[in-house]
Amino acid sequence: MTTRRPPRSTPRPAADRDAPKGRRAARGAVSALKTKPAEEREEGPQRIAKLLARAGVGSRRDVERMIEEGRIALNGEVIAQPAPLLASLEGLTVDGNPVAKPVSTRLYRFHKPAGCLTAARDPKGRKTIYDLLPKGLPRLMPVGRLDYNTEGLLLLTNDGEFKRQLELPANGVERTYRARAFGDISQAQLEELAMGIEIDGVRYGRIDANLERRTGRNQWVEMTLTEGKNREVRRVLEHFGLQVSRLIRTRYGEFTLAGLDMGAAEVVPRDELFKFRRRLG
């Protein structure tokens with residue numbers, strides 16, 4: 001025989017009724033504990049790679065590579081892995097040069113032409129974006145990359161941490177491209193990309209693709225994505241049998257190519273940058 005539980009004297013609040021119970025609650029608590037340490041400290045001792053990235057020396061990956069190459073020293077002694085945590089840049093040098101204090105974050109829009117590399121230098125002697133950038137700009141790092149033959153909007157910043165934030169797929173910053181391609185494709189085929197696609201063992205996430213206009217077997221296709229994997233747009237379109245003859249990035253986040261001449265660079269106004277960073281989180 002079962003004993004009936006007496007009715008609850010007061011109804012449980014809606015928030016309590018909706019809360020997870022039992023094992024689900026325990027799993028939720030464990031998940032919360034697991035995610036907490038992932039939040040990076042903003043004060044106190046920090047990783048050298050993070051400090052130098054904020055100072056504009058390079059991305060975190062660049063800095064870690066410099067440490068491996070023995071190019072970074074603290075008070076005259078070369079730093080080895082694992083690198084210590086530091087509270088400031090005092091005493092740090094890169095290639096023997098003291099590291100300047102970080103300046104406020106700057107972001108530039110650059111209209112990259114085709115026929116140049118998104119790199120500091122090229123062993124083959126080809127032109128890079130740094131050969132084309134206007135003189136007098138501060139030390140800048142590209143946000144992501146555009147292939148040698150891809151043109152359009154390239155963002156540049158002096159802040160390695162901000163660069164990383166813009167590039168991470170987890171932050172969902174959209175990139176929009178326009179591709180001129182030869183071949184046959186339908187809007188229905190392009191809409192299948194909304195579910196993602198796997199090509200040669202590589203998984204590409206959701207892509208919003210639209211057929212803009214067609215002349216004979218030539219068409220312009222607009223594609224918006226958030227991952228930006230290596231040669232992603234070209235590989236996806238080639239998978240459908242299309243030959244890409246021109247590829248232009250027109251947007252990165254809320255920043256567009258509008259009003260920017262080929263080869264020109266323009267600083268993003270501070271108020272626009274501030275609003276964007278607040279929305280980015």
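The shown structure was predicted, so the numbers you read here are calculated from the model rather than taken from an experiment.
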For Arg279, is there an ion pair with Glu254 - N to carboxylate O distance below 4.0 angstrom?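 Yes, charged N to carboxylate O under 4.0 Å.
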
Do Lys127 and Asp131 sit within salt-bridge range, that is, some charged N less than 4.0 Å from a carboxylate O? no

[X] versus [Y]: any side-chain heavy-atom pair under 4.5 Å?
{"X": "Arg246", "Y": "Trp220", "value": "yes"}
{"X": "Phe162", "Y": "Leu280", "value": "yes"}
{"X": "Arg235", "Y": "Asn230", "value": "yes"}
{"X": "Arg217", "Y": "Asp184", "value": "yes"}
{"X": "Val221", "Y": "Val244", "value": "no"}
{"X": "Leu137", "Y": "Leu156", "value": "no"}
{"X": "Leu92", "Y": "Val94", "value": "no"}
{"X": "Val57", "Y": "Asp62", "value": "no"}

Are there over 12 heavy-atom neighbours, none belonging to [X], within less than 6.0 Å of that residue's [atom1]?
{"X": "Lys229", "atom1": "NZ", "value": "yes"}
{"X": "Arg121", "atom1": "CZ", "value": "no"}
{"X": "Arg214", "atom1": "CZ", "value": "yes"}

N/O donor-acceptor pairs under 3.5 Å from side chains in residues 191-205, not counting sequence neighbours:
residue	atom	partner	partner atom	Å
Glu191	OE2	Gln187	NE2	3.4
Arg203	NH2	Met195	O	2.9

What closest approach, in Å, do [X] and [Y] show between heavy atoms, and which atom pair accounts for it?
{"X": "Ala55", "Y": "Val99", "result": "CB-CG1, 4.0 Å"}
{"X": "Thr128", "Y": "Ala120", "result": "OG1-O, 3.9 Å"}
{"X": "Leu166", "Y": "Tyr252", "result": "O-OH, 3.2 Å"}
{"X": "Ala181", "Y": "Leu242", "result": "CB-CB, 4.0 Å"}
{"X": "Leu211", "Y": "Leu190", "result": "N-CD1, 3.7 Å"}
{"X": "Ala265", "Y": "Phe110", "result": "CB-CD1, 4.1 Å"}

Main-chain N/O of [Y] paired with [X] side-chain donor or acceptor, under 3.5 Å:
{"X": "Arg178", "Y": "Ile248", "value": "no"}
{"X": "Ser186", "Y": "Gln189", "value": "yes"}
{"X": "Glu232", "Y": "Gly228", "value": "yes"}
{"X": "Asp147", "Y": "Asn149", "value": "no"}
{"X": "Lys50", "Y": "Glu161", "value": "no"}
{"X": "Gln219", "Y": "Gly183", "value": "yes"}
{"X": "Lys163", "Y": "Pro142", "value": "yes"}
{"X": "Glu167", "Y": "Gly144", "value": "yes"}
{"X": "Arg249", "Y": "Leu154", "value": "no"}
{"X": "Arg109", "Y": "Thr256", "value": "yes"}

Should [X] and [Y] be regarded as members of a common hydrophobic cluster, given that ILVMFWY residues are connected when their side-chain heavy atoms come within less than 4.5 Å of each other, either directly or indirectly?
{"X": "Tyr177", "Y": "Ile207", "result": "yes"}
{"X": "Leu52", "Y": "Ile79", "result": "yes"}
{"X": "Val143", "Y": "Leu146", "result": "no"}
{"X": "Val173", "Y": "Met223", "result": "no"}
{"X": "Ile185", "Y": "Phe182", "result": "no"}

Thr176 and Arg251: side-chain donor and acceptor closer than 3.5 Å?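 Distance-only check passes for Thr176 and Arg251.
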
Find the distance between [atom1] ([X]) and [atom2] ([Y]) and round it off to the nearest 0.5 Å.
{"X": "Glu151", "Y": "Leu247", "atom1": "CD", "atom2": "CG", "answer": "8.0 Å"}
{"X": "Ser104", "Y": "Asp159", "atom1": "OG", "atom2": "CG", "answer": "9.5 Å"}
{"X": "Leu140", "Y": "Leu107", "atom1": "CG", "atom2": "CG", "answer": "9.0 Å"}
{"X": "Thr250", "Y": "Leu257", "atom1": "OG1", "atom2": "CG", "answer": "7.0 Å"}
{"X": "Arg180", "Y": "Arg213", "atom1": "CZ", "atom2": "CZ", "answer": "9.5 Å"}

Sequence neighbours excluded and cut-off under 3.5 Å, please list the side-chain donor-acceptor pairs for residues 69-77, or say none.
residue	atom	partner	partner atom	Å
Glu69	OE1	Arg71	NH1	3.4
Arg71	NE	Asp95	OD1	2.9
Arg71	NE	Asp95	OD2	3.4
Arg71	NH2	Asp95	OD2	2.8

For residues 83-91, run the donor-acceptor check on the side chains, cut-off 3.5 Å, and write out each pair with its distance to 0.1 Å, sequence neighbours left out.
residue	atom	partner	partner atom	Å
Ser88	OG	Glu90	N	3.3

Go through it in stages, so that I can follow the logic: the residues are Thr226 and Arg206, the test is side-chain contact (heavy atoms from CB on, under 4.5 Å), and I'd like the CA-CA distance, side-chain angles, deciding distance and then a yes or no. CA-CA 8 Å; Thr226 58; Arg206 171 187 172 85; over 6 Å; no

